*Asks:* 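Next up is a structure, given as structure tokens.
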Amino acid sequence: MLTLQCLREERDRVLAALTKRHIDAASTVDQILDLDAQRRATQTELDQVLAESNALSRQIGGLMREGKKDEAEAIKAQTAGLKDKTHELKEAMDAAEAQLQELLVQLPNTPCDLVASGKSADDNVEVFRSGEPPAAGGHAKPHWDIAKEFDLIDFDLGAKVTGAGFPFYKGKGAKLQRGLIRFFLERADEAGYTEYIPPHVVNADSGYGTGQLPDKEGQMYHMQDDDLYMIPTAEVPLTNIFRDVVLNASDLPTKLCGYTPCFRREAGSYGKDVRGLNRLHQFDKVEIVQIAHPDESYATLDAMVEHVKGLLEGLELPYRILRLCGGDMGFTSAMTYDFEVWSAAQERWLEVSSVSNFETFQANRLKCRFKDEDGKNKFVHTLNGSALALPRIVAALLENHQDHDGVVIPKALVPYVGFERIDA
RNA sequence: GGAGGUUUGGCAGAGUUGGUCGAUUGCACCGGUCUUGAAAACCGGCGUACCGCAAGGUACCGGGGGUUCGAAUCCCUCAGCCUCCGCCA
């Protein structure tokens, strides 16, 4: 959530930045500023009334101690009106505050200067490309056929036991999942990320802290009896570790990572997008998170991008990096790089990672601050990235590394999965 | 799930017959004096947020609500932690 201070001091800059998302926020922002002014005026008045009332109460206390009951009663009479006034003002202030919050959470983050204006994925900017589509391209079998041929993944069984989008992984398919998770975690460990195994369900406060609530409520599975949400990404529990936390400047950057399954309802998806492993309701992912000093966060973002590049190169997959345009960026992000790998059989790019800097947007909701050099509390910047999400990686591995009678496991991965080929 | 206890500032720990308590004290931390330097000792500072140009004011003693002129202190409610019982991988 954008800070009020930012809206107050940089209204025009914020509006200009939001046009990159093709949002005209002028009326919302001005409403917010009006409500803010209203709230402040009300608070000033309320504070005065409370001060008066406190002073009288203190007098009564003093008189009671001295046994001057009559005088105390006389002053008590004076407080009657103040009480009503207090209630009235309190209500007005709470109402203004509530309206203000409601509007404030509707505003997405302001894109950083480097982000291009744009409406859709077509306007994203390719900033890097590595590798060539494999020779098999054109005749390559799609991963769902390969998965079936070698009995790696059973989609039908998943549909029977749970529902569409919840596959079973079997045999070498399961080992490949386990190996990839280990590979990603070991690489993160080597890069200095502390590993966590977080809860897979979170409370509403956490959903709010990272920005899934209130706007993406429908994308998470919700357990009504206990009012808990299944995590759509490890970002939620890992970042919420820092909710209501004040760090020391020396704690920054804080680097952490974790493997979790991720659960997404994906309401409204259909067609070729959901075929095979392209889009699932449950999938595995290793997430990296950093809590950074505001001055360093973009260098941190670059470092995280480099980390993900290393992973894809280890897997020998052709990939490209896009800097998302304003219209394609997530609600909470100030800048996002998407990683896409080439799918040889589908002959299209598949998104496998998204690395973002949220600047203070999440920190403001989380109330995660650090003590700066002057001893003042300031918001940190939060960042995260998939490193990596498994299903489309598996799809690309199967499709791109297939040969005449099987699939070759990339060298870097062999020690983790325990075999060199998938074949009959 | 049942019964009881508990929840105070970074930590420890006072304060519960309601009244200068936003809160005693110790430790930790920061600054200073002393010292060649350090330690010790002494002096001073040391929660957060909001309003205000400032002086200053307001709110917060797990969360929310209530009683009262006035609540950390009383009541209700929710949550966390601890102990015992039940159930259980």
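No hydrogens, no waters, no symmetry mates; every other heavy atom, side chains included, goes into these values. Everything numeric in this text was worked out from a predicted model, so none of it was measured. Below, read A as the first sequence line, B as the second, and so on, with proteins coming before strands; counting in each chain starts at 1.
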*Asks:* Return all side-chain donor-acceptor pairs below 3.5 angstrom for residues 189-200 of chain A, not counting sequence neighbours, or 'none' if the list is empty.
*Replies:*
residue   : atom : partner   : partner atom : Å
Tyr193(A) : OH   : Gln290(A) : NE2          : 3.0

*Asks:* Taking only Lys NZ, Arg NE, NH1 and NH2, and the carboxylate oxygens of Asp or Glu, determine whether Lys160(A) and Asp156(A) approach each other closer than 4.0 Å.
*Replies:*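 Salt bridge: no.
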*Asks:* Say we look at G15(B) and U7(B): how far apart would their C1' atoms be, to the nearest angstrom?
*Replies:*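 Looking at atom C1' only, G15(B) and U7(B) are 15 Å apart.
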*Asks:* Grab the CE-P distance between Met64(A) and C69(B) for me, whole Å please.
*Replies:*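 Result: 10 Å.
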*Asks:* Please enumerate all residues that pass side chain to side chain donor-acceptor pair (under 3.5 Å) together with Tyr259(A), with sequence neighbours excluded.
*Replies:*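 Side chain to side chain donor-acceptor pair (under 3.5 Å) check on Tyr259(A) returns Asp284(A).
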*Asks:* Name all residues meeting the side chain to side chain donor-acceptor pair (under 3.5 Å) criterion together with Glu313(A); count only those two or more places apart in sequence or in a different chain, and write none if there are none.
*Replies:*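 Glu313(A) satisfies side chain to side chain donor-acceptor pair (under 3.5 Å) with Tyr319(A) once adjacent residues are dropped.
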*Asks:* Could you state the CG-P distance from Asp244(A) to G62(B), rounded to the nearest angstrom?
*Replies:*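 Between P of G62(B) and CG of Asp244(A): 15 Å.
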*Asks:* Taking OH from Tyr208(A) and C1' from G63(B), how many angstroms apart are they, rounded to a whole number?
*Replies:*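 Rounding to the nearest Å, OH of Tyr208(A) and C1' of G63(B) are 16 Å apart.
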*Asks:* Between the protein and nucleotides 45-49 of chain B, list the N/O to N/O atom pairs that are separated by less than 3.5 angstrom.
*Replies:*
residue : atom : partner   : partner atom : Å
U48(B)  : OP1  : Lys371(A) : NZ           : 3.1
U48(B)  : O3'  : Arg369(A) : NH1          : 3.2
A49(B)  : OP1  : Arg369(A) : NH1          : 3.2

*Asks:* Work out how far the P atom of G26(B) is from that of G13(B), and round it to whole angstrom.
*Replies:*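 Approximately 16 Å lies between the P atom of G26(B) and that of G13(B).
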*Asks:* Taking the same atom, C1', in G52(B) and in U58(B), what whole-Å distance lies between them?
*Replies:*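 To the nearest whole Å, 11 Å.
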*Asks:* If we take the P atom in both G70(B) and C11(B), what is their distance in whole Å?
*Replies:*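 The same atom, P, in both gives a distance of 32 Å.
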*Asks:* Between Leu56(A) and Arg39(A), name the one whose nearest nucleotide on RNA chain B is closer to the 5' end.
*Replies:*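 Upstream on the strand: Arg39(A).
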*Asks:* What nitrogen or oxygen pairs link the protein and nucleotides 57-60 of chain B at under 3.5 Å?
*Replies:*
residue : atom : partner  : partner atom : Å
G57(B)  : N2   : Asp47(A) : OD2          : 2.9
U58(B)  : OP1  : Asn54(A) : ND2          : 3.3
U58(B)  : O2'  : Asp47(A) : OD1          : 3.1

*Asks:* What is the distance from CD of Glu97(A) to P of G64(B), rounded to the nearest Å?
*Replies:*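 Between P of G64(B) and CD of Glu97(A): 13 Å.
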*Asks:* Would you mind checking if Asp123(A) and Lys119(A) are paired as a salt bridge, meaning a charged N to carboxylate O distance below 4.0 Å?
*Replies:*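 Looking at Lys119(A) and Asp123(A), the cut-off is not met.
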*Asks:* Can you pull the ring-ring contact (aromatic ring centres under 6.0 Å, His included) pairs that have at least one residue in residues 224-249 of chain A, sequence neighbours excluded?
*Replies:*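 Residue pairs passing ring-ring contact (aromatic ring centres under 6.0 Å, His included), neighbours aside: His222(A)-Tyr229(A).
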*Asks:* Measure from CG on Leu228(A) to C1' on A79(B) and round the result to the nearest Å.
*Replies:*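 One finds 13 Å between C1' of A79(B) and CG of Leu228(A), rounded.
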*Asks:* Using the C1' atom in both, what is the distance from C82(B) to G45(B), to the nearest Å?
*Replies:*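 Each nucleotide's C1' atom is 37 Å from the other's.
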*Asks:* Taking atom C1' of C69(B) as reference, at what distance in whole Å does atom CG of Asp70(A) sit?
*Replies:*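 Interatomic distance, CG of Asp70(A) to C1' of C69(B): 16 Å.
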*Asks:* Under 4.0 Å between a Lys/Arg side-chain N and an Asp/Glu carboxylate O for Arg39(A) and Asp36(A)?
*Replies:*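 Yes.
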*Asks:* Sticking with atom C1', work out how far G10(B) lies from G47(B), rounded to a whole angstrom.
*Replies:*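 Each nucleotide's C1' atom is 9 Å from the other's.
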*Asks:* Kindly say if Arg40(A) contacts the phosphate of G52(B), meaning a side-chain N or O under 4.0 Å from OP1 or OP2.
*Replies:*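 True: Arg40(A) side-chain N/O within range (under 4.0 Å) of G52(B) OP1/OP2.
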*Asks:* With a 6.0 Å cut-off (strictly less than), is the heavy-atom count around NZ of Lys175(A), excluding the residue itself, greater than 12?
*Replies:*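 No, NZ of Lys175(A) has 12 or fewer neighbouring heavy atoms, counting only those of other groups under 6.0 Å.
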*Asks:* Determine the interatomic distance between C1' on C75(B) and the same-named atom on A23(B); round to the nearest Å.
*Replies:*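 Rounded to whole Å, the distance is 23 Å.
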*Asks:* Can you check the distance between C30(B) and C46(B), where both ends of the measurement are the P atom (answer in whole Å)?
*Replies:*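 Approximately 16 Å lies between the P atom of C30(B) and that of C46(B).
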*Asks:* Residues two or more places apart in sequence or in another chain: which of them pass side-chain contact (heavy atoms from CB on, under 4.5 Å) with Lys170(A)?
*Replies:*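 Residues passing side-chain contact (heavy atoms from CB on, under 4.5 Å) with Lys170(A): Asp151(A), Asp154(A).
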*Asks:* Does a salt bridge link Lys411(A) with Glu420(A), judged by any charged N lying under 4.0 Å from a carboxylate O?
*Replies:*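 Salt bridge absent between Lys411(A) and Glu420(A).
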*Asks:* Only counting residues at least two apart or in another chain, list the ones meeting side-chain contact (heavy atoms from CB on, under 4.5 Å) with Gln106(A).
*Replies:*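 Gln106(A) satisfies side-chain contact (heavy atoms from CB on, under 4.5 Å) with Glu102(A), Leu103(A) only.
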*Asks:* Drop me the distance from Lys20(A)'s NZ to His22(A)'s NE2, to the nearest 0.5 angstrom.
*Replies:*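 Going from NZ on Lys20(A) over to NE2 on His22(A), the span is 11.0 Å.
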*Asks:* Tell me which residues in residues 78-93 of chain A put a heavy atom below 4.0 Å from RNA chain B, sorted by number, or none.
*Replies:*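 Correct list: Thr79(A), Lys83(A).
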*Asks:* Sequence neighbours left out, what passes side chain to side chain donor-acceptor pair (under 3.5 Å) with Lys68(A)? Give chain and number order.
*Replies:*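 Counting only residues at least two positions away or on another chain, Lys68(A) forms a side chain to side chain donor-acceptor pair (under 3.5 Å) with Glu66(A).
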*Asks:* So, using side-chain contact (heavy atoms from CB on, under 4.5 Å) as the criterion, who are the partners of Lys141(A) when residues are at least two apart?
*Replies:*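 Result, side-chain contact (heavy atoms from CB on, under 4.5 Å) vs Lys141(A): Ile146(A), Glu149(A), Gln402(A).
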*Asks:* Rounded off to whole Å, could you give me the CG-to-C1' distance for the Asn248(A) and G10(B) pair?
*Replies:*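 The distance from CG of Asn248(A) to C1' of G10(B) comes to 10 Å, rounded to the nearest Å.
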*Asks:* Could you summarise the pairing of RNA chain B as dot-bracket text, marking Watson-Crick and G-U pairs under 3.5 Å with ( ) or [ ] inside the strand and | across strands?
*Replies:* ((((((((.[[[..)...(.....]]].(((((.......))))).(((((....))))).[[[[[..)....]]]]])))))))....
*Asks:* Are there more than 12 heavy atoms of other residues, nucleotides or ligands under 6.0 Å from atom CG of Asp70(A)?
*Replies:*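 Incorrect, the count does not exceed 12.
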